[in-house]
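Quick notes on the structure that follows.
Just so we're clear, the structure is a prediction, and the values are computed from it rather than from any experiment. The sequence lines fix the lettering, A, B, ..., with proteins before strands; numbering per chain opens at 1.
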There are 2 protein chains.
Amino acid sequence: MTQKIRNMEEFAAISGISRPTLSKFFNDPESVRRSTRERIEKALEKYDYRPNVFAMNQNRSKTKNVGIVVPYLADPFFSEIGRAVELACLDAGYSPILHSSHGSPQLENDNLDSLRSLKPAGVLLAPFGRASDRKFIQEFAREVPLVLFDANIEGAGEAFIGTDNFQSIGLVVEYLCRSGEPPCFFEMKTPSNPNANKRRQAYLEAMARQGHPAHIFQAEGDGWDFEEIGSVEGGRMLADRVFPTNTVLCSNDRLAIGMLSAAYRQGIRVGRGPDCTLRVAGHDDHPFSRFTCPSLTTIAQDYSAIADHAASALFAILESERRPAAREETLFEGKLVMRESA
Amino acid sequence: MTQKIRNMEEFAAISGISRPTLSKFFNDPESVRRSTRERIEKALEKYDYRPNVFAMNQNRSKTKNVGIVVPYLADPFFSEIGRAVELACLDAGYSPILHSSHGSPQLENDNLDSLRSLKPAGVLLAPFGRASDRKFIQEFAREVPLVLFDANIEGAGEAFIGTDNFQSIGLVVEYLCRSGEPPCFFEMKTPSNPNANKRRQAYLEAMARQGHPAHIFQAEGDGWDFEEIGSVEGGRMLADRVFPTNTVLCSNDRLAIGMLSAAYRQGIRVGRGPDCTLRVAGHDDHPFSRFTCPSLTTIAQDYSAIADHAASALFAILESERRPAAREETLFEGKLVMRESA
DNA sequence: CACTAAAATTGACGCGCGTAAAAAAAGAAT
DNA sequence: ATTCTTTTTTTACGCGCGTCAATTTTAGTG
């Protein structure tokens, strides 16, 4: 109906607003007078002009881009929390750019590198943790406001938001002890995730509090095929009857899912019923934990609270225009989700 | 050690290469003489300069960006295939930009819109299918080279790459008939995915070929909680004994996973064994299908073949600089993955 | 060695927008 | 109406790079 608008100059001419004012408007609509804003918005409906992203960001030191980096998108936990963070960014008027490191710490660095060249206003990073390149990340954080979530790296970034593993593990250990035999702990020998170390520690403390001996069993294996490791290694342990009690607390749900499949194969009935000889519990409330056989008793991390808080922590820094004095760590409590497996 | 290089001008001065030549190099390293290329690369190692992304793309009509849009990243199928496509793009020297539509067809349009403003060289789209805004996508494809994968939309995009549902369903139906009672077909009533319609059709044809009556059962329910729907609706059907045979072929693995959990709850033994009263098969070889109880017999889609072929189909178009005359449809065969459930 | 085609250099302009400074206009307050 | 303050307009420059035309250099050939 109307001719195509090629640039801001033309839009200024046709809308009767000067170009610098339009520039201010597109940078922050609140920065112009209300009457002007309404005039622009009306013209915008009529002519459908959108400023050129590349020209916009070229001369601006800070863009409206927010980088999001997760270690492994094929893990439903990260795709869920990635989704939540992405939506939080959109709601706040930022452009989220999601990257997965596909299980490779090297790619984590590469992702941060390629983000850097997009001059992001800030970055939300769920790092590998121990496997991460700590120095690289700290270097990165010097240039770009950085908020960590899920996995902590001490001293890196302006803030960390995650789950309180001591509270959550304490909760499930207490429940397991109260409702049956005290739990053994099943985990990977060389976990890449720092939460795993916290959870082991939390298990030890909780068992001491409950007055029971602790039993830790570690599976060999690397990589991100947790179900496979849980199934093969956990299955071997079940077959060899290495667990001194009938209850196993797995460091995360994906290991537990593997162990449940091994138990099923071996004809071991899992659950609280009288004919059951094994109880299994997990941690994370993985999206599939509701559909395991039996359904998995676990700890639900507050996905959306973590995502929202991480995002708003970053936005607070961005809007205050300066880095906070102290590094902030926010831990959310996990909730016990009682299902059939324990 | 050396001073920071601010722009291509400075890098030209310090490396002894003229700026236009550098510009050519960064656009396509093969476009300069080998001796020159080596000189540049040596200087690059020494001085660590990277051209400004925004300034680079501003004056170029075609960037090196490739958009990737999937309907729902929290579905492991899409995160897996998204990952494969992403890596294929990186290998080919493009910058992948991954977007998830989070289950919302509106967001699919929004994603394409925001991609458009990034002037992508091309876009790889796994559309919703029936729920997609067909006209919008066709409009989009007029501006940007577009390759569809996983789900087809007739007449949209330059090419489609997916799985041959007729072959794959034929294969599993044939197997099920040969090894036991002929299968019933379980699916959603209003599937958003066009593959579902193809699979139903394929089931009908395959059953006719095998000389058995077809039985289709459709679950109510919307959205992407397939496991939930499979569990609740499928469970109800199991309890009501509506299936005339002891074998159920599910339209996809996620429905099958839900049905398996329902069967477990009801104490129905699933599998081929003599004490089993139900067989369940799926389609897709979902990453979790190996760990269901019992493990799920299914059809494996060739994830990486689909991803690689989709990517290289797009690159072929990009390098030939022109749209292909005919729309190409490439279907890969599924493979039967025999596990314990059927 | 001259000759030619290919590649690199020089010099220059423009892309679309950010942004600064000065002038003008619009509101708000007296 | 006058003054003061806030906002907008005018004017102009620059960002970093793409790209073009004219020129020079290089590499390859007989």
Side-chain angles (χ1 to χ4, degrees), chain A residues 3-44 47-65 95 114 116-121 321, chain B residues 3-44 47-65 95 114 116-121 321:
Chain A
Q3 84 265 29
K4 181 99 181 175
I5 285 134
R6 317 175 53 94
N7 56 35
M8 204 180 273
E9 193 92 42
E10 280 189 26
F11 185 65
I14 212 161
S15 68
I17 311 271
S18 73
R19 197 175 66 72
T21 303
L22 287 175
S23 178
K24 278 197 72 176
F25 169 85
F26 285 114
N27 194 4
D28 175 15
E30 300 296 316
S31 67
V32 303
R33 197 189 293 149
R34 192 157 61 97
S35 58
T36 313
R37 183 163 60 245
E38 282 162 0
R39 280 171 61 206
I40 297 175
E41 278 161 355
K42 200 150 57 184
L44 226 37
Y47 295 106
D48 172 49
Y49 157 76
R50 294 173 64 178
N52 181 307
V53 186
F54 301 107
M56 255 182 82
N57 289 328
Q58 174 173 15
N59 302 318
R60 223 201 294 275
S61 45
K62 43 177 176 177
T63 68
K64 288 279 185 182
N65 297 330
S95 303
S114 79
R116 179 165 21 208
S117 61
L118 295 178
K119 298 192 218 164
E321 309 261 346
Chain B
Q3 83 265 29
K4 180 100 182 174
I5 285 131
R6 317 174 53 94
N7 54 36
M8 204 179 272
E9 193 93 41
E10 281 190 26
F11 185 66
I14 211 162
S15 66
I17 311 272
S18 73
R19 198 175 65 73
T21 303
L22 287 175
S23 178
K24 277 197 73 177
F25 170 84
F26 284 114
N27 193 3
D28 175 14
E30 300 296 318
S31 67
V32 301
R33 199 189 293 149
R34 192 159 61 97
S35 60
T36 313
R37 182 162 63 244
E38 281 162 2
R39 280 171 62 205
I40 298 175
E41 277 161 355
K42 200 150 57 185
L44 227 37
Y47 294 107
D48 174 48
Y49 157 76
R50 294 173 64 178
N52 181 305
V53 186
F54 300 108
M56 253 183 84
N57 289 328
Q58 174 174 15
N59 302 317
R60 222 203 294 275
S61 44
K62 43 178 176 178
T63 67
K64 287 280 185 182
N65 297 330
S95 303
S114 79
R116 180 167 15 208
S117 62
L118 294 178
K119 297 191 217 163
E321 309 262 346

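Taking atom NZ on K62(B) and atom P on dG18(D), their separation rounds to 13 Å, with Å as the unit. Rounded to whole Å, the distance from CZ on F26(B) to C1' on dG18(D) is 14 Å. Atom pair N57(B):CG and dC17(C):P shows a separation of 15 Å (rounding to whole Å applied). Separating the CE atom of M56(B) from the C1' atom of dT19(D) is a distance of 14 Å, rounded to the nearest angstrom. One atom, CZ of F25(B), and another, P of dT9(C), lie 13 Å apart when rounded to the nearest Å.
Applying the salt bridge (charged side-chain N to carboxylate O under 4.0 Å, His left out) criterion to K24(A), with sequence neighbours excluded, gives no partner residue. Residues that satisfy the salt bridge (charged side-chain N to carboxylate O under 4.0 Å, His left out) test with K62(A), not counting sequence neighbours, are E321(A). By the salt bridge (charged side-chain N to carboxylate O under 4.0 Å, His left out) test, E41(B) pairs with no residue at all, sequence neighbours left out. For S117(A), the side chain to side chain contact (heavy atoms under 4.5 Å, CB included) partners are R50(B), V53(B), not counting sequence neighbours.
Residue pairs meeting the side chain to side chain donor-acceptor pair (under 3.5 Å) criterion with at least one partner in residues 9-22 of chain B, sequence neighbours excluded, are S18(B)-T21(B).
In this structure the side chain of Y49(A) never reaches within 4.5 angstrom of the side chain of L22(A), judged on heavy atoms.
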Task: Under 4.0 Å protein heavy-atom contact, by nucleotide of nucleotides 6-16 of chain D - B base, S sugar-phosphate only - done: -SSBBBB-BBB
